[in-house]
Amino acid sequence: MSRSILFCAGLILAASSAEAADSAKADIRSADGKAIGSATLADTAKGVLITLSLNGAPEGVHAFHVHEVGKCEPPFKTAGAHLNPDHRKHGFVAEGPHAGDMPNLHIPADGTLQQEVLNPNLTLAAMLDGDGSAVILHAKADDYKSDPAGNAGDRVACGVVDKAGP
């Protein structure tokens with residue numbers, strides 16, 4: 001009897017741990033306040049998986065980064081620099097990358113994109129720290145080498161990363 005009670009207690013603990021898995025979300029808006037998409041973020045054993053859904057985003061190749069502050073006041077400089085807790089160089093270079101550096105997004109003419117990005121350098125704990133974080137879409141492509149921001153141009157859309165609801 002006691003073995004089955006312990007087994008059941010173990011199953012309950014495992015189920016509650018799965019339900020408490022870290023996840024977050026971000027509603028992404030352009031500088032004029034228009035909703036252009038969302039991101040869901042989940043901690044995995046290999047980093048943070050970002051599932052991005054854009055609709056009405058600007059066409060072209062755009063840098064996509066996680067920035068260090070969870071504020072999105074146009075022109076989105078309030079989001080600070082790239083999330084970089086390990087003080088590394090920008091881009092896919094020997095001394096890099098920043099934790100918030102990610103591959104460019106290729107957005108088609110209709111402005112819609114469904115994309116998953118696994119970032120092995122991120123954790124939700126780092127993203128949801130005291131001042132939060134934000135996902136940023138830049139005007140231009142990231143060159144993956146220019147420090148500190150990849151020569152990616154203006155910030156054209158932003159989403160504050162918030163803990164997902166219960």
Side-chain angles (χ1 to χ4, degrees), residues 21-31 33-107 111 113-165:
D22 284 329
S23 62
K25 62 179 179 48
D27 293 321
I28 303 168
R29 297 187 172 273
S30 62
K34 179 183 170 204
I36 65 161
S38 63
T40 57
L41 303 93
D43 260 333
T44 75
K46 300 290 185 180
V48 172
L49 178 63
I50 302 171
T51 303
L52 188 63
S53 178
L54 298 177
N55 187 8
E59 175 185 5
V61 181
H62 299 274
F64 180 57
H65 300 125
V66 174
H67 285 248
E68 65 187 347
V69 179
K71 284 190 182 176
C72 287
E73 298 165 3
F76 308 130
K77 299 290 185 185
T78 53
H82 295 175
L83 185 61
N84 188 20
D86 296 327
H87 309 289
R88 300 185 56 92
K89 296 238 184 225
H90 170 76
F92 301 117
V93 297
E95 304 87 14
H98 296 155
D101 290 348
M102 293 186 287
N104 289 323
L105 298 176
H106 298 260
I107 302 172
L113 180 69
Q114 304 294 315
Q115 182 78 44
E116 288 186 334
V117 178
L118 179 63
N119 186 324
N121 302 309
L122 288 176
T123 65
L124 284 183
M127 295 175 73
L128 297 169
D129 65 357
D131 61 359
S133 64
V135 292
I136 298 277
L137 184 68
H138 288 266
K140 301 187 311 185
D142 189 325
D143 66 13
Y144 301 131
K145 60 185 177 192
S146 300
D147 207 31
N151 199 25
D154 292 337
R155 302 166 186 199
V156 297
C158 184
V160 173
V161 176
D162 291 314
K163 185 89 172 143

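Owing to the predicted nature of the structure, the values given are computational and were not obtained by experimental measurement.
- Checking side-chain atoms of His62 against main-chain N and O of Ala139 turns up a donor-acceptor pair under 3.5 Å.
- Ring geometry, His138 versus His67: the interplanar angle falls from 30° to 60°, so the pair is classed tilted.
- Ala57 and Ile107 make their closest contact through CB-CD1, 3.8 Å (heavy atoms, listed as atom of the first residue, atom of the second, distance).
- Closest non-hydrogen pair, Leu113 versus His106, comes out as CD1-O, 3.8 Å.
- Between the OG1 atom in Thr51 and the CD atom in Gln115 there is a gap of 10.0 Å [rounded to 0.5 Å].
- Checking side-chain atoms of Thr44 against main-chain N and O of Leu49 turns up no donor-acceptor pair under 3.5 Å.
- To the nearest 0.5 Å, atoms CZ (Phe64) and CG (Leu52) are separated by 4.5 Å.
- Looking only at side-chain heavy atoms (C-beta outward), His65 and Asp101 come within less than 4.5 Å of each other.
- Cys158 and Ala134 get closest at one heavy-atom pair: SG-CB, 3.9 Å.
- When every heavy atom of Ala99 is checked against every heavy atom of Asn121, the shortest pair comes out as CB-O, 3.3 Å.
- Between His82 and His98, the two ring planes are perpendicular [angle over 60°; tilted spans 30° to 60°].
- A donor-acceptor distance shorter than 3.5 angstrom exists from the side chain of Asp143 to the backbone of Lys145, with no hydrogens or angles considered.
- The structure places CG of Leu41 at 11.0 Å from NZ of Lys163, a figure rounded to the nearest 0.5 Å.
- By the side chain to side chain contact (heavy atoms under 4.5 Å, CB included) test, Asp162 is found to be paired with Lys25, Val160, residues two or more places apart in sequence or in another chain being considered.
- Looking at heavy atoms from C-beta onward, Thr78 lies out of side-chain contact with Val69 at the 4.5 angstrom threshold.
- Put simply, the side chain of Val61 does not reach to within 4.5 Å of the side chain of Leu105, judged on heavy atoms.
- Listed for the Glu68 side chain is a donor-acceptor partner under 3.5 Å among the backbone atoms of Ala81.
- A heavy-atom distance below 4.5 Å is not found between the side chains of Leu137 and Ile28.
- Within the 3.5 Å criterion, the main-chain N or O of Val156 finds no donor-acceptor partner in the side chain of Asp154.
- For the side-chain hydrogen bond (donor to acceptor under 3.5 Å, both in side chains) with His90, the lone residue among Asp142, Asn84, Asn151 that qualifies is Asp142.
- With rounding to the nearest 0.5 angstrom, the CG atom of Asp129 is 7.5 Å from the CG atom of Leu83.
- Heavy atoms only, all atoms of each residue included: Ser38 and Asp27 are closest at CB-OD1, 4.2 Å.
- Nearest heavy-atom pair across Asn104 and Tyr144 is N-OH, 2.8 Å.
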